[in-house]
Amino acid sequence: MPAKALNGQVESWSLVDEMRLSGSDSLPFGRILSVAIGPDRSVFVTGTGDVAVHLLGPDGDYRGTVGREGDGPGEFRTTPSIGIRNDTLWAIDSAQRLVHYFHLAGRIVGARRVPDASSARDLGMMPIALLDGERFLLLESAGSTQVAEAEPEGRFERELALLLAETGGVVDVVALDASTLWLQFELPGGIVAATPQPWSTIDLLAVSPNGDGFVVVRGRGTERRAGRYLLQWFDTDGRTKGARSVEFVAADLRKSEIKSFLDGVSEGFAARSRGDAESVRRTIADALYTPEYLPGVRSDARNWSGGGVLMAADGTTWVAQQDSDGMRWRVFDPMTQELAKVGAPEDLSLRYVGREYVWGVREGEFGTPGLYRYRISRW
């Protein structure tokens with residue numbers, strides 16, 4: 001049963017560290033993108049640099065892969081979006097516009113083509129999730145090197161929208177703000193490069209693991225200390241089920257964070273372009289958008305889902321709020337009431353929330369990804 005707030009009381013929960021998986025044996029890929037949990041607590045994981053879905057046992061033992069690179073049944077050309085419905089793993093390959101269905105032991109049981117759909121705005125559309133077994137959630141996207149009037153110099157703009165696709169056609173759902181998602185700049189030798197823009201106010205999306213809806217969080221608060229963000233819940237037809245705004249007091253953007261970002265990015269691009277790190281650093285600094293305050297919802301600017309919002313298996317919604325008191329997860333019940341505040345490590349980015357456990361990602365000293373399981377303590 002979905003959790004509900006009792007008498008408006010906001011509870012205090014904590015996360016108890018129970019398991020950590022890291023290293024080439026258990027996580028043979030780069031940055032972890034998505035996590036899905038089977039009924040027996042087996043773990044399905046995807047990551048950068050590998051198109052397969054990796055399967056781990058309930059105790060973290062590595063059991064192999066589901067799917068592989070290729071163009072045939074059960075094969076992918078890009079890292080797929082994944083989810084579990086009942087006893088079936090679905091995996092959407094956006095390049096092939098196919099959803100592959102697997103038995104949880106890894107055997108392919110079928111495939112289905114994502115309905116072909118043309119955008120009214122003549123933009124590209126990428127399938128990212130499966131709703132209620134029938135409808136596909138599409139991300140419509142267009143990039144532009146044009147800098148809009150009054151925008152910070154070097155801003156790389158993107159237009160995003162969510163659409164639903166089914167046999168009868170495509171339905172517009174909601175436009176998304178991603179205007180601060182990327183920086184674009186020119187490296188020595190005339191090479192044009194781009195990198196994710198930190199401290200963005202991009203809108204974030206999370207899809208229910210049960211396939212019965214999704215939520216959009218519109219994060220604001222970078223222009224002034226007092227701000228708010230808006231949560232909007234949608235059903236499988238794209239209709240709004242509920243909405244609420246959340247007030248917060250924004251945290252200062254520390255100069256040390258800006259310096260750390262510039263140092264790391266400039267060294268990386270200088271090595272690749274064989275340029276001088278200091279001149280590359282100045283170029284990136286000129287293009288960098290640095291608001292005075294952080295947005296209310298923490299986001300990973302590399303991905304539409306961000307990691308700053310998740311829908312849980314019990315129907316609750318978890319939002320990673322960062323404000324003047326630090327970072328915490330705020331939990332909202334299906335009636336849009338706040339249910340709990342959850343303390344968590346500030347460097348933890350959640351990838352899956354179940355009824356009893358959460359799974360998240362933390363990076364080690366040398367940037368090695370670690371997958372962590374925490375038990376939810378509600379007392």
Side-chain angles (χ1 to χ4, degrees), residues 2-22 32 35 37 41 43 60 198-199 204 206 208-209 215 217 219-221 225-231 244-254 256-257 260 293-301 305-365 369-379:
K4 294 183 179 180
L6 299 176
N7 302 320
Q9 181 179 358
V10 178
E11 301 177 355
S12 294
W13 298 351
S14 61
L15 300 180
V16 180
D17 189 353
E18 288 203 339
M19 181 186 296
R20 177 191 178 190
L21 307 174
S22 64
I32 297 169
V35 175
I37 307 299
R41 293 187 182 173
V43 185
W199 320 300
L204 301 179
S208 166
V215 63
V217 177
R220 297 294 180 266
R225 181 174 292 275
R228 66 169 60 95
Y229 55 83
L230 176 69
L231 290 85
R244 67 162 293 164
S245 61
V246 179
E247 302 289 335
F248 67 94
V249 179
D252 295 336
L253 175 57
R254 297 189 295 266
S256 60
E257 296 180 62
S260 177
Y293 305 110
L294 293 171
V297 181
R298 186 178 70 176
S299 64
D300 173 359
S305 62
V309 56
L310 293 96
M311 295 191 77
D314 64 359
T316 56
T317 298
W318 290 49
V319 181
Q321 179 177 290
Q322 55 186 2
D323 61 17
S324 58
D325 291 329
M327 202 283 291
R328 72 184 63 80
W329 287 86
R330 299 181 68 171
V331 182
F332 299 89
D333 71 16
M335 305 304 294
T336 76
Q337 298 300 306
E338 186 170 4
L339 178 65
K341 289 183 173 67
V342 187
E346 292 212 3
D347 63 340
L348 175 66
S349 179
L350 294 186
R351 290 293 186 268
Y352 178 88
V353 179
R355 290 176 172 84
E356 301 176 32
Y357 297 91
V358 303
W359 289 86
V361 177
R362 302 175 69 182
E363 289 191 353
E365 182 180 357
L371 183 62
Y372 289 73
R373 186 182 76 190
Y374 293 85
R375 177 172 51 84
I376 304 171
S377 176
R378 294 179 169 86
W379 310 106

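What you see is a predicted model; the values in this text were computed from it and never measured.
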What is the minimum heavy-atom distance between [X] and [Y], and which atoms define it?
{"X": "Ile376", "Y": "Trp13", "result": "CG2-CE3, 3.9 Å"}
{"X": "Ala250", "Y": "Leu294", "result": "CB-O, 3.5 Å"}
{"X": "Arg351", "Y": "Val35", "result": "CB-CG2, 3.7 Å"}
{"X": "Tyr352", "Y": "Pro209", "result": "CE1-CB, 4.4 Å"}
{"X": "Val16", "Y": "Ser377", "result": "CG2-CB, 4.0 Å"}
{"X": "Trp329", "Y": "Ala344", "result": "CD1-CB, 3.8 Å"}

**Report entry** Sequence-distant partners of Asp347, side chain to side chain donor-acceptor pair (under 3.5 Å), two or more places apart
**Finding:**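 So Asp347 forms a side chain to side chain donor-acceptor pair (under 3.5 Å) with Arg362.
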Query raised in the report: Mind checking what makes side chain to side chain donor-acceptor pair (under 3.5 Å) contact with Arg330, not counting sequence neighbours?
Result: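 Expected list: Gln321, Glu338.
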Check whether any side-chain heavy atom of [X] lies under 4.5 Å from a side-chain heavy atom of [Y], and answer yes or no.
{"X": "Val43", "Y": "Leu371", "value": "yes"}
{"X": "Gln322", "Y": "Pro295", "value": "yes"}
{"X": "Val246", "Y": "Phe332", "value": "yes"}

Any chance you could measure [X], atom [atom1], to [Y], atom [atom2], to the nearest 0.5 Å?
{"X": "Ile37", "Y": "Trp359", "atom1": "CD1", "atom2": "CH2", "value": "5.5 Å"}
{"X": "Arg378", "Y": "Leu339", "atom1": "CZ", "atom2": "CG", "value": "8.0 Å"}
{"X": "Tyr372", "Y": "Met19", "atom1": "OH", "atom2": "CE", "value": "13.0 Å"}
{"X": "Ser14", "Y": "Arg375", "atom1": "OG", "atom2": "CZ", "value": "8.0 Å"}
{"X": "Leu350", "Y": "Tyr374", "atom1": "CG", "atom2": "OH", "value": "9.0 Å"}

Requested in this report: Can you sort out the partners of Glu356 under salt bridge (charged side-chain N to carboxylate O under 4.0 Å, His left out), two or more places apart, ordered by chain and number?
Outcome: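 Residues passing salt bridge (charged side-chain N to carboxylate O under 4.0 Å, His left out) with Glu356: Arg41.
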Report task. Could you give me the CA-CA distance, side-chain angles and deciding distance for Val331 and Val342, then say whether side-chain contact (heavy atoms from CB on, under 4.5 Å) is met? Result -> CA-CA 8 Å; Val331 182; Val342 187; 3.7 Å; yes
Query raised in the report: Can you check whether Gln337's main-chain N or O pairs, donor with acceptor, with Arg244's side chain at less than 3.5 Å?
Result: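 It does not hold such a pair.
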Set of residues satisfying side-chain contact (heavy atoms from CB on, under 4.5 Å) with respect to [X], sequence neighbours excluded:
{"X": "Ala312", "answer": "Asp314, Thr316, Trp318, Val353"}
{"X": "Ser260", "answer": "none"}
{"X": "Ser256", "answer": "Arg254"}

